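No experiment lies behind these values; they were computed from the predicted model shown.
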Amino acid sequence: MKEKVQKAVKAVLGLALGVFVGRSLWLWQDVISHPELYAANSAPWYTPLLLEGGILLGLFLTGGLVWWLTGRKK
């Protein structure tokens, strides 16, 4: 059971990291292609990535806690 939970945590964290990296690269490429769209905003172009990075950090902390709780010996 412990191995299944750890595999699920590893899969979720890997998928979340992949989505974040993919979204970051897509946004960076879009900023390079269409800088006039992002110049009109008052916030910097990377502002959405800060929020998503915070959510990813919380997900990694939660996943690390679950990993630690399932891996420790009783």
Side-chain angles (χ1 to χ4, degrees):
M1 181 69 180
K2 176 174 58 170
E3 292 83 19
K4 286 184 180 181
V5 171
Q6 288 181 342
K7 279 185 180 181
V9 168
K10 192 186 304 185
V12 167
L13 293 180
L15 287 170
L17 183 62
V19 167
F20 180 74
V21 169
R23 167 117 166 92
S24 300
L25 291 174
W26 175 83
L27 183 61
W28 180 52
Q29 186 273 334
D30 195 45
V31 169
I32 290 172
S33 298
H34 307 100
E36 65 278 355
L37 293 175
Y38 295 93
N41 291 338
S42 62
W45 64 270
Y46 54 84
T47 302
L49 294 178
L50 295 175
L51 175 63
E52 294 166 9
I55 293 170
L56 183 66
L57 178 64
L59 187 64
F60 265 86
L61 290 174
T62 305
L65 179 65
V66 169
W67 186 280
W68 179 73
L69 288 174
T70 58
R72 65 184 189 151
K73 296 179 181 179
K74 293 185 178 185

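Counting only residues at least two apart or on different chains, the side-chain hydrogen bond (donor to acceptor under 3.5 Å, both in side chains) pairs with a member in residues 19-31 are Arg23-Glu52, Gln29-Ser33, Asp30-His34, Asp30-Tyr38. Residue pairs meeting the side-chain hydrogen bond (donor to acceptor under 3.5 Å, both in side chains) criterion with at least one partner in residues 57-68, sequence neighbours excluded, do not occur; the list is empty. The salt bridge (Lys or Arg N to Asp or Glu O under 4.0 Å) pairs that include a residue from residues 57-67 number zero, where partners must be two or more places apart or lie in different chains. A salt bridge (Lys or Arg N to Asp or Glu O under 4.0 Å) check over residues 36-47, counting only residues at least two apart or in different chains, returns nothing.
Placement of Tyr46 and Leu37 within a single hydrophobic cluster is found when ILVMFWY residues are connected by side-chain heavy-atom separations under 4.5 Å, directly or transitively. Val66 and Ile55 sit in two unconnected hydrophobic clusters of ILVMFWY residues. Membership requires side-chain heavy atoms under 4.5 Å apart, directly or through other members. At a threshold of 4.5 Å between side-chain heavy atoms, the hydrophobic network of Ile, Leu, Val, Met, Phe, Trp and Tyr places Val21 and Leu50 in one connected group. Grouping the Ile, Leu, Val, Met, Phe, Trp and Tyr side chains by contacts below 4.5 angstrom, directly or via other members, places Leu27 apart from Val19.
When all heavy atoms of Thr47 and Pro44 are compared, the closest pair comes out as OG1-O, 2.9 Å.
Among residues two or more places apart in sequence or in another chain, the side chain to side chain contact (heavy atoms under 4.5 Å, CB included) test is passed with Leu15 by none. When the side chain to side chain contact (heavy atoms under 4.5 Å, CB included) test is applied to Leu13, the partners found at least two apart in sequence or on another chain are Val9, Leu59, Phe60. Listed by chain and number, the residues in a side chain to side chain contact (heavy atoms under 4.5 Å, CB included) with Lys2 are Gln6, Thr70 (sequence neighbours excluded).
Summarising the geometry, atom CD1 belonging to Ile32 is positioned 8.0 Å from atom CH2 belonging to Trp45; distances are rounded to the nearest 0.5 Å.
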